[in-house]
Amino acid sequence: MTYFDIEKVKYEGPKSNNPFSFKYYNPEEKFGNKTMSEHLRFSVAYWHTFTADLSDPFGVGAAERDWDNLNDMDKAKARVEAIFEFMEKTGIEYFCFHDIDIAPEGENLKESNENLDEIVSLIKQKMDETGKKLLWNTTNNFTHQRFVHGAATSSNADVFAYAAAKVKKSLEIAKTLGAENFVFWGGREGYESLLNTDMKLELDNLAKFFKLAIAYAKEIGFNGQFLIEPKPKEPTTHQYDTDVATAHAFLQKYDLDKDFKFNIEANHATLAGHSFQHELRYARDNQMLGSVDANQGHPQLGWDTDEFPTDIYDTTLAMYEILKNGGLSSGGLNFDAKPRRTSFKQEDLVLTHIAGMDAFALGLRIAYKMIDDQFFENIVKDKYQSYTTGIGQKIVDDQTSFAELEKYALNLSEITNESDHLEVIKAQINQYILNINNGD
Ligand code: XUL
Ligand code: CO
């Protein structure tokens, strides 16, 4: 059975009119010592692409999928066939999933685990045949009603135990499939209201949960990178892993910061009132940038719309941060993104990924050129040059005191500041975007 009636998607360059071709993503083209494919490490998200039906709070599913009418386990198996064909045709090397994306939940935990075992062995066989790799897996500890008060932060200790059992199974799957990372997104780790919440106990428990997970990973020899995916709200009013800075402080407080990095999602950054670049920069500056959920929000909608990334301004600045980080190491660019409900055909799954891959490929091309020219570096060097000599140098080197600074200030006749010319910088970025050599 064939699910995508197309040839393998090829690079045809920016002048091509073929929607099933790459305009900017040329996988083998080299930038420095890495190919585009090695820089970008694209990944497909099982949940949006093979499990979701495009329902929203106001409407039922709209997606038309070949596996719609199959029963639970047959549907799960068809999806495995479909995702591997999809990765082959799009040239995407990685995939990611939650436990419940790949196999239906049974009547109880034991049955759910049996379903998982059957599908995981099918996935393993497909991975061995095709060489495709698991970027990360994770545990869905938020959809089922048992997680109504949270999972690791639930007020009900039975739920803490159940959530732990599910993560234990997911870690075993990660080990079996050689996952390069393991993600924790605290889907319901937060609160509806502080009026009835013991925030201290909940945060202590969350840290204990992570320590137990680390101990079990060590015990079974799973060496993938642990990642936390911050998000400020939705589904809870307040999510504990609000943003990178908050989650980093939490990790440091509980002495967990050496065991984790961050999986940064663009739409979560904007929900937190930050730019995507801000979250990447904060993580990079603290050696905590692990992986990226590549998507974008909608400027007029205030929720997590998970659109495919097409804004090249954003992808350029994201790729700038990633290149300056020396790449993503074991991480990648995972399309945690879904077609709009109006793009309901199966072929839209391919077309949306092409759009996202091209947007990041273009971002890589532009950011690479900017770094080659030391564009931002020169701007920043000029701006902060007062810290490279005299009193500025002393401040940087911890060689001064308030008394000395007062003496210095008393002797200053006048303070002169320079203009930032920020609008010129923005105009120059436009020039970079418009003048980029598209590999022609
Ligand atoms: C939810 C979200 C999740 C995580 C994995 O907003 O981004 O899909 O990426 O649980
Ligand atoms: Co995500």
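Here the structure is a predicted model, which means the values were calculated and not measured. In listed order, ligands and their atoms are each counted from 1. The first residue in the sequence is number 1, and the count goes up from there.
- Looking at D293 and the Co ion (ligand 2) together, the shortest N, O or S contact belongs to OD2.
- Summarising the geometry, atom CG belonging to L227 is positioned 9.5 Å from atom CZ belonging to F184; distances are rounded to the nearest 0.5 Å.
- Here the Co ion (ligand 2) is the vertex; the OD2 atom in D336 and the OE2 atom in E229 give an angle of 170° (to 10°).
- Annotation: W136 places no N or O atom under 3.5 Å from an N or O atom of ligand 1; distance criterion only.
- For ligand 1, one of its N or O atoms has an N or O atom of K231 under 3.5 Å away.
- Looking at H98, H48, E265, E229 and measuring to atom 9 (O) of ligand 1, the nearest heavy atom belongs to E229.
- Using modelled atom types, one finds a donor on one side chain and an acceptor on the other under 3.5 Å when comparing D243 with H274.
- Between the side chains of W185 and N263, not a single donor N or O lies within less than 3.5 Å of an accepting N or O.
- Residue V167 forms a side-chain contact (heavy atoms from CB on, under 4.5 Å) with just one option from T138, N141, L212, and that option is N141.
- At least one heavy atom of D336 sits closer than 4.0 Å to an atom of ligand 1.
- Each of H298, H48, Q296 was scored for a side-chain hydrogen bond (donor to acceptor under 3.5 Å, both in side chains) with D306, with one residue passing: H48.
- With a heavy-atom cut-off of 4.0 Å, D304 touches ligand 1 through its side chain alone.
- The distance from the Co ion (ligand 2) to the nearest N/O/S atom of E265 is under 2.8 Å.
- When heavy-atom distances to ligand 1 are checked against a 4.0 Å cut-off, D293 comes that close only through its side chain, counted from C-beta outward.
- Taking the ring centre of F31 as origin, the terminal cationic atom of R365 falls outside the region bounded by 6.0 Å and 45° from the ring axis.
- To the nearest 0.5 angstrom, H238 atom NE2 is 12.0 Å from E192 atom CD.
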